[in-house]
Amino acid sequence: MVVGHDVTNLRDGTGGPQNADILYTPETISAALPELRIVRAGRVRRPVTTDHGTVEAIDTLVVAHRR
């Protein structure tokens with residue numbers, strides 16, 4: 001399982017690294033795991049509590065298994 005800040009978080013989410021070069025996408029993670037069976041690959045929204053209320057961060061989530 002891989003979970004990490006998604007590149008769309010830069011534009012549509014909050015927090016996390018601000019360098020697109022180190023952020024994930026479901027497609028790039030899935031492509032990096034050709035020997036595994038991808039069970040789920042997508043973006044998930046996660047609530048983040050701030051001083052100004054609750055906002056959402058966007059993460060990449062990929063679940064894979066050995067074939």
Taking the side chain as every heavy atom from C-beta outward, state whether [X] and [Y] have any atom pair closer than 4.5 Å.
X	Y	value
N9	L23	no
T60	H5	no
V48	R46	yes
V44	I58	no

Quick check: closest heavy atoms across [X] and [Y], and the distance to 0.1 Å?
X	Y	answer
A41	S30	CB-OG, 3.5 Å
T14	A57	O-CB, 3.5 Å
A20	V7	CB-CG2, 3.9 Å

Is the closest basic N to carboxylate O distance between R43 and E27 below 4.0 Å?
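Result for this pair is yes, salt bridge flagged.
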Is R66 atom CZ crowded by more than 12 heavy atoms from other residues, nucleotides or ligands, each under 6.0 Å away?
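It does not: R66 CZ has 12 such atoms or fewer within range.
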Test item: Q18 side-chain N/O and G15 main-chain N/O as donor-acceptor pair under 3.5 Å:
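Present.
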For T28 and Y24, indicate whether the former's side chain and the latter's backbone hold a donor-acceptor pair under 3.5 Å.
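No, because the side chain of T28 does not come within donor-acceptor range (under 3.5 Å) of the backbone of Y24.
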Should V2 and V39 be regarded as members of a common hydrophobic cluster, given that ILVMFWY residues are connected when their side-chain heavy atoms come within less than 4.5 Å of each other, either directly or indirectly?
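Shared cluster, no.
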Just one of I29, V3, D6 clears the side chain to side chain contact (heavy atoms under 4.5 Å, CB included) bar with L61, so which one?
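Of I29, V3, D6, side chain to side chain contact (heavy atoms under 4.5 Å, CB included) with L61 is met by V3 alone.
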Can you tell me how far CZ of R67 sits from CZ of R37, rounded to the nearest 0.5 angstrom?
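Nearest 0.5 Å value for the CZ-CZ distance: 8.0 Å.
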